[in-house]
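So the structure is just underneath, and the comments pick up after that.
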Amino acid sequence: MSSQSKDILVGIVGVGLVGGELVKQILSINKAKNPFKIVLLASSRKALYTSPENAIADSESWKAKLDSSEEKAELSEFGGYLAGLVAQGKGRKAVIVDNTSSEDVARLYPEWIAQGLSVATPNKKAFSGEKKTWDGILAASESEGGGRWLNESTVGAGLPVINTLKEMLGSGDRVKKIEGVFSGTMSYIFNNFSAPSSDAPKPAFSEVVKVAREKGYTEPHPADDLNGYDVARKLTILARTVSALSHSQTKLPELQSFLDVQTQSLIPAPLEGLASGDDFVGRLPEFDQEFNKLREEAAKEGQVLRFVGVVDVEEGVVKAGLERYPVTHPFATSLGGSDNIIMFHTERYSPRPLIVQGAGAGAAVTAMGVLGDLLKLV
């Protein structure tokens, strides 16, 4: 009679900065207490398959093994491979970690979950994109033998945002409103552009964006941050989670995708569609006066500007845009660098909200959030 295995088999798709860091963190767990067996690694081109008995165990050699593999990365084969290994060992579980930002990978989540595999990921696409995929994930996870969807790192990297929300909803708390600074890029820009009053010279908006780009806080093309889409995706994830897990029906709109979020773009109209990031940064000073005016108007009222996302459950509104806050507000006083800050206003956390704050980007904290999700399977 065979003993029951407690192995959790892990397939990792995407082995760049976050994926590589995740491998390192998994292998750093004390071997005597580590239930995870990395049996699949895949880049965009190659895949490395191993048995649980020969699972990846060395954080130094796996890259060379993957590079020398002759197996092509065939997304359609990953689920079957892991499901087959699960069937061979009583008590085994398996999880696919998607560290990509690929729509093609995201569309496979319902199929994988229906096979009994769990999915853990920082990829926002499946949870904020087309509603068909989101509905498929929910249906598959609720089916007999379905796996779990674990997506802590889709909002706030390693910050306990998604899990906090799931536990609130699961325990019957009623969420009234979630608001926050969800973009590290926007946080950095407005922490510097619209700081609480001081005697220091006020920088131009274009200069702050230029420095943010040089420091790697923005995408190569800053318009990809200033359009607000990253925040809209995160709000869609939060809104859909509230709607799906609340004990009663909410007023929130049924978002077909993140494009349904009321999102204010900060891209000046004449620069819309400008292909070159360099050209965009070069022309942005033409619009500094407009941003200066917004800052001055806020300062006269003792306020600062922040790019904020809001999921207002009571009003049924999901929106992202530039808002004013008093200089005494946590969004003005508590933020530094590119930190995120999120407030949960609920029936239990009222009148003072629950606040989560800290680094909302970076490979180490993102991988930590994914590993935290994996530990939920133990």
Side-chain angles (χ1 to χ4, degrees), residues 124-125 127-131 134 151 154-156 159 161-162 164-165 168-169 174-191 193-194 205 222-246 249-269 272 290-291 294-295 297-298 301 303-326 329-332 334-335 339-346 349-350 353-357 360:
K124 294 184 278 291
K125 299 293 174 63
F127 307 99
S128 63
E130 56 189 24
K131 188 172 178 292
W134 168 244
N151 62 331
T154 57
V155 180
L159 294 177
V161 176
I162 296 293
T164 297
L165 178 59
M168 284 175 169
L169 297 167
R174 186 171 64 84
V175 176
K176 299 178 180 180
K177 183 166 72 171
I178 305 168
E179 60 181 328
V181 176
F182 292 95
S183 163
T185 301
M186 294 293 204
S187 178
Y188 176 86
I189 288 173
F190 286 99
N191 290 343
F193 176 70
S194 182
F205 184 77
D224 293 336
D225 295 293
L226 296 178
N227 61 17
Y229 283 179
D230 176 65
V231 176
R233 282 190 179 277
K234 293 169 182 175
L235 296 177
T236 301
I237 294 168
L238 293 171
R240 284 176 168 175
T241 302
V242 171
S243 295
L245 303 183
S246 288
Q249 193 169 357
T250 75
K251 293 181 181 179
L252 288 172
E254 199 170 76
L255 301 171
Q256 297 303 309
S257 82
F258 72 95
L259 294 173
D260 286 348
V261 173
Q262 300 172 32
T263 306
Q264 177 187 4
S265 173
L266 298 186
I267 303 171
E272 287 278 4
E290 295 176 22
F291 287 100
L294 293 173
R295 177 174 59 190
E297 289 172 351
E301 301 296 327
Q303 298 174 326
V304 296
L305 299 171
R306 294 293 180 263
F307 195 91
V308 172
V310 177
V311 177
D312 194 327
V313 183
E314 293 189 320
E315 296 297 324
V317 173
V318 185
K319 64 177 182 177
L322 209 53
E323 301 284 353
R324 295 179 181 182
Y325 288 88
H329 192 279
F331 290 178
S334 298
L335 284 172
D339 279 2
N340 286 181
I341 185 169
I342 297 95
M343 288 183 168
F344 292 93
H345 302 266
T346 77
Y349 287 96
S350 179
L354 173 65
I355 300 176
V356 177
Q357 178 188 346

Practice task
Please check if atom NZ in Lys125 has more than 12 non-hydrogen atoms from other residues, nucleotides or ligands closer than 6.0 Å.
Solution key: yes
Practice task
Decide yes or no for Leu354 and Thr346: does some side-chain heavy atom of the first lie under 4.5 Å from some side-chain heavy atom of the second?
Solution key: no
Problem - Reported CG-to-OH distance for the pair Asp224 and Tyr229, which is rounded to 0.5 angstrom - result: 10.5 Å
Handout entry: Greater than 12 external heavy atoms within 6.0 Å of Phe307's CZ
Key = yes
Completion exercise
Nearest heavy-atom contact between Leu159 and Gly360 is CD1-CA, 4.5 Å
Practice task
Check whether any side-chain heavy atom of Val318 sits under 4.5 Å from a side-chain heavy atom of Thr236, and report yes or no.
Solution key: no
Problem - Rounded distance (nearest 0.5 Å) linking atom CG of Leu335 with atom NE2 of His329 - result: 10.0 Å
Exercise for the section: Verify, without hydrogens or angle tests, whether Ser187 (side chain) and Asp339 (backbone) share a donor-acceptor contact under 3.5 angstrom. Expected result: yes
Problem - Closest heavy-atom pair and its distance - Thr154, Lys234 - result: O-CG, 3.8 Å
Completion exercise
Heavy atoms of Val308 and Glu323 approach each other most closely as CB-CG, 4.3 Å
Exercise for the section: Classify the ring geometry between Phe205 and Phe190 as parallel (under 30°), tilted (30 to 60°) or perpendicular (over 60°). Expected result: tilted
Exercise for the section: Quick one: closest heavy-atom pair of Ser334 and Ile341, and the distance? Expected result: CB-CD1, 4.2 Å
Exercise for the section: Taking the six-membered ring for Trp and the full ring for Phe, Tyr or His, determine whether the centres of Phe344 and Tyr349 are under 6.0 Å apart. Expected result: no
Completion exercise
So CD1 of Ile189 and CG of Leu226: to nearest 0.5 Å the spacing works out to 5.0 Å
Completion exercise
Rounding to 0.5 Å, atoms CG (Leu238) and CD1 (Ile162) come to a distance of 5.0 Å
Practice task
With rounding to the nearest 0.5 Å, note down the distance linking OG1 in Thr164 to CD1 in Ile342.
Solution key: 9.5 Å
Practice task
Report yes or no: does Arg306 contribute a side-chain atom to a donor-acceptor pair with the main-chain N or O of Ser194 at less than 3.5 Å?
Solution key: yes
Handout entry: Pairwise side-chain contact, Met343 with Phe331, heavy-atom cut-off 4.5 Å (strictly under)
Key = yes
Exercise for the section: State, with a plain yes or no, whether a side-chain heavy atom of Val155 is found less than 4.5 Å away from one of Phe182. Expected result: yes
Fill in the blank from the handout: Scanning both residues in full, the closest heavy-atom pair of Asn340 with Gly156 reads OD1-CA, 3.7 Å
Exercise for the section: Could you tell me whether Lys177 and Glu315 make a salt bridge, using a distance below 4.0 angstrom between a side-chain N and a carboxylate O? Expected result: no
Exercise for the section: State, yes or no, whether a side-chain contact exists between Ile178 and Val242 at a heavy-atom distance under 4.5 Å. Expected result: yes
Exercise for the section: Search all heavy atoms of Leu169 against all heavy atoms of Thr241 and return the closest pair with its distance. Expected result: CD1-O, 3.6 Å
Exercise for the section: State whether the number of non-hydrogen atoms from other residues, nucleotides or ligands found under 6.0 Å of Glu272 atom CD is greater than 12. Expected result: yes
Practice task
Would you check if Val311 and Glu179 make a side-chain contact, meaning some heavy-atom pair closer than 4.5 Å?
Solution key: no
Exercise for the section: May I ask you to decide whether Asp230 forms a salt bridge with Lys124, counting only side-chain N to carboxylate O separations under 4.0 Å? Expected result: yes
Handout entry: Beyond-backbone contact of Glu297 with Arg295, side-chain heavy atoms, under 4.5 angstrom
Key = no
Handout entry: Interatomic distance, Ser246 atom OG to Arg174 atom CZ [nearest 0.5 angstrom]
Key = 10.0 Å
Handout entry: Arg240 to Phe127 six-membered ring, cation-pi geometry met (6.0 Å, 45°)
Key = no
